[in-house]
2 protein chains.
Amino acid sequence: MDEIDLQILRILKANSRTTSSDISKMIHLSVPSIAERIRKLEKNGVIDQFTVKLNRRAMGQHCIVYIFVQLDGSAETHKFREAIVQSEHVLECHHTSGEYDYLLKVALAEISELEGFIMHTLKANHNIVRSNTVFILSTLKEE
Amino acid sequence: MDEIDLQILRILKANSRTTSSDISKMIHLSVPSIAERIRKLEKNGVIDQFTVKLNRRAMGQHCIVYIFVQLDGSAETHKFREAIVQSEHVLECHHTSGEYDYLLKVALAEISELEGFIMHTLKANHNIVRSNTVFILSTLKEE
DNA sequence: ATTGAAAGGGTTCAATC
DNA sequence: GATTGAACCCTTTCAAT
């Protein structure tokens, strides 16, 4: 990965539909070269996927919360992991250091759905010692 | 937005380079109709942008942390906001409810860069009462 | 919303440097 | 690795239904 690759990545991050011929005009490199570099960036796993960023409000996700979760040490964590990862409400799930074990980023249509999520998805058959929910009031930056 | 739009969004989210003619074969709708629906989804702000998801490791971001920040009530928050939003290390910045005021998601090359980030970007000339850093050990899901 | 056709443009390949 | 030129394919657009 050289400086040219980084330029290409920057352009694609801003707009993944930018064509190789468009990029060619921007960075003065031939179209086949650019196409090949993009192929390699994909093959090497630098580019995970081409995707679209959806507007949460337009998608009806008006309530975004972070939930910290502490698991019972004796719990079989893989069942918890499976249930969480499969939930369509869970945008992110990280294993964390510190006071808690996991940090979830959760999207809900509205706040009234939170209780159901915590009761039925989060605490259903998982030995959760405690959890702590942080509400997002507004978002200044989100890549 | 009807069910067909949702199908199109699902396909584009998985791969934003899927062409209208490819989608046409998947959902049995004519190419011009699909092209027009995508245009409208963009125009209406449902699709924020076409982008690529980059692999953090490949990009040399080996250290991801969440940092909670509490500001001095008298502080001029807009200066803090500007500095944070402009930092290339800050992936996300949310205004939150609860014990702290802001939650940042920060990407660093390695843990040794954290001190510099906290000292020079976070606490430089901003009246920060306290902060709390949570380290990501591993990520199970990240949309 | 669909169909069909025309036009324009992007991608890819092979050969070359 | 990068470039060029040509062939092919696809996308877009328009008009008519």
Side-chain angles (χ1 to χ4, degrees), chain A residues 1-62 88 91 107 109 142-143, chain B residues 1-62 88-89 91 107-110 113 142-143:
Chain A
M1 271 227 306
D2 56 11
E3 182 55 39
I4 295 176
D5 282 335
L6 291 176
Q7 284 185 51
I8 293 173
L9 289 177
R10 233 174 283 136
I11 292 167
L12 288 178
K13 184 139 191 70
N15 181 4
S16 65
R17 282 186 311 185
T18 314
T19 61
S20 294
S21 66
D22 283 337
I23 298 176
S24 172
K25 290 159 196 158
M26 299 179 189
I27 67 176
H28 299 294
L29 195 68
S30 71
V31 173
S33 298
I34 290 168
E36 194 185 346
R37 279 170 180 268
I38 293 174
R39 257 193 305 276
K40 282 183 185 168
L41 288 167
E42 282 187 83
K43 178 170 158 285
N44 299 339
V46 180
I47 296 177
D48 249 3
Q49 67 170 348
F50 284 72
T51 186
V52 288
K53 187 180 165 196
L54 301 181
N55 184 287
R56 297 206 196 288
R57 282 195 189 170
M59 296 301 287
Q61 300 176 329
H62 300 285
E88 58 170 350
L91 303 177
E142 189 170 32
E143 280 205 352
Chain B
M1 271 227 305
D2 56 10
E3 181 57 39
I4 295 176
D5 282 336
L6 291 177
Q7 284 184 50
I8 293 173
L9 290 177
R10 233 173 283 137
I11 292 167
L12 289 179
K13 184 139 191 70
N15 181 2
S16 65
R17 282 187 309 184
T18 313
T19 61
S20 295
S21 66
D22 285 335
I23 297 175
S24 174
K25 290 161 196 158
M26 299 178 188
I27 67 175
H28 300 294
L29 195 68
S30 71
V31 172
S33 298
I34 290 169
E36 194 185 347
R37 280 171 181 266
I38 294 175
R39 258 193 303 276
K40 280 184 186 168
L41 288 168
E42 282 187 83
K43 179 169 157 285
N44 298 339
V46 179
I47 297 177
D48 249 3
Q49 67 171 347
F50 285 71
T51 187
V52 288
K53 186 180 166 195
L54 302 182
N55 183 287
R56 296 206 196 290
R57 281 196 189 171
M59 295 301 288
Q61 300 176 328
H62 300 284
E88 58 170 349
H89 294 296
L91 303 177
L108 303 166
E110 42 179 328
E113 290 186 355
E142 189 169 35
E143 278 206 350

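Letters A, B, ... are given to chains in the order of the sequence lines, protein chains preceding strands, and every chain is numbered from 1.
- Under a 4.0 Å N-O distance rule, the pair Asp22(A)/Arg17(A) does not qualify as a salt bridge.
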Apply side chain to side chain contact (heavy atoms under 4.5 Å, CB included) to Leu9(A) and Met1(A), showing your working. CA-CA 10 Å; Leu9(A) 289 177; Met1(A) 271 227 306; 4.0 Å; yes

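- Rounded to an integer number of Å, the gap from CD of Glu36(B) to C1' of dT12(D) is 13 Å.
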Assess the residue pair Val46(B) and Met59(A) against the criterion (side chain to side chain contact (heavy atoms under 4.5 Å, CB included)); give the C-alpha distance rounded to whole Å, side-chain angles, the decisive distance to 0.1 Å, and a yes or no. CA-CA 7 Å; Val46(B) 179; Met59(A) 296 301 287; 3.8 Å; yes

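- Distance Glu42(B) CD to dT12(D) C1': 14 Å, rounded to the nearest Å.
- Not one N or O on the side chain of His62(A) forms a donor-acceptor pair closer than 3.5 Å with the backbone of Ala109(A).
- Between Ser21(A) and dG9(C) there is no side-chain polar atom (N or O) within less than 4.0 angstrom of OP1 or OP2.
- Considering only the side chain of Val31(B), dT12(D) comes nearest among dA1(C), dT12(D), dG1(D).
- Arg37(B) has its CZ atom 18 Å from the P atom of dT11(D), to the nearest Å.
- Side-chain atoms of Thr51(A) never come within 3.5 Å of backbone atoms of Val52(B) as a donor-acceptor pair (strictly under, hydrogens ignored).
- If you check every strand for non-hydrogen atoms under 4.0 Å, Ser33(A) touches a base.
- The nearest whole Å value for the distance from the NZ atom in Lys25(A) to the P atom in dT3(D) is 15 Å.
- Rounded to whole Å, atom C1' of dT11(C) lies 13 Å from atom CD1 of Ile23(A).
- Residue-level contact check: Arg39(A) touches the backbone only, with heavy atoms under 4.0 Å from sugar-phosphate atoms and none from bases.
- Put simply, NE2 on His28(B) is 17 Å from C1' on dT3(C), counting in whole angstrom units.
- Among the heavy atoms of the strands lying under 4.0 Å from Ser30(A) is at least one base atom, whether or not backbone atoms are also near.
- Here Thr19(B) lies in heavy-atom contact (under 4.0 Å) with sugar-phosphate atoms only.
- If you measure from atom CG of Leu29(A) to atom P of dT11(C), you get 14 Å, rounded to the nearest angstrom.
- Spacing between atom CD1 of Ile34(A) and atom C1' of dG1(D) amounts to 14 Å, rounded to whole angstrom units.
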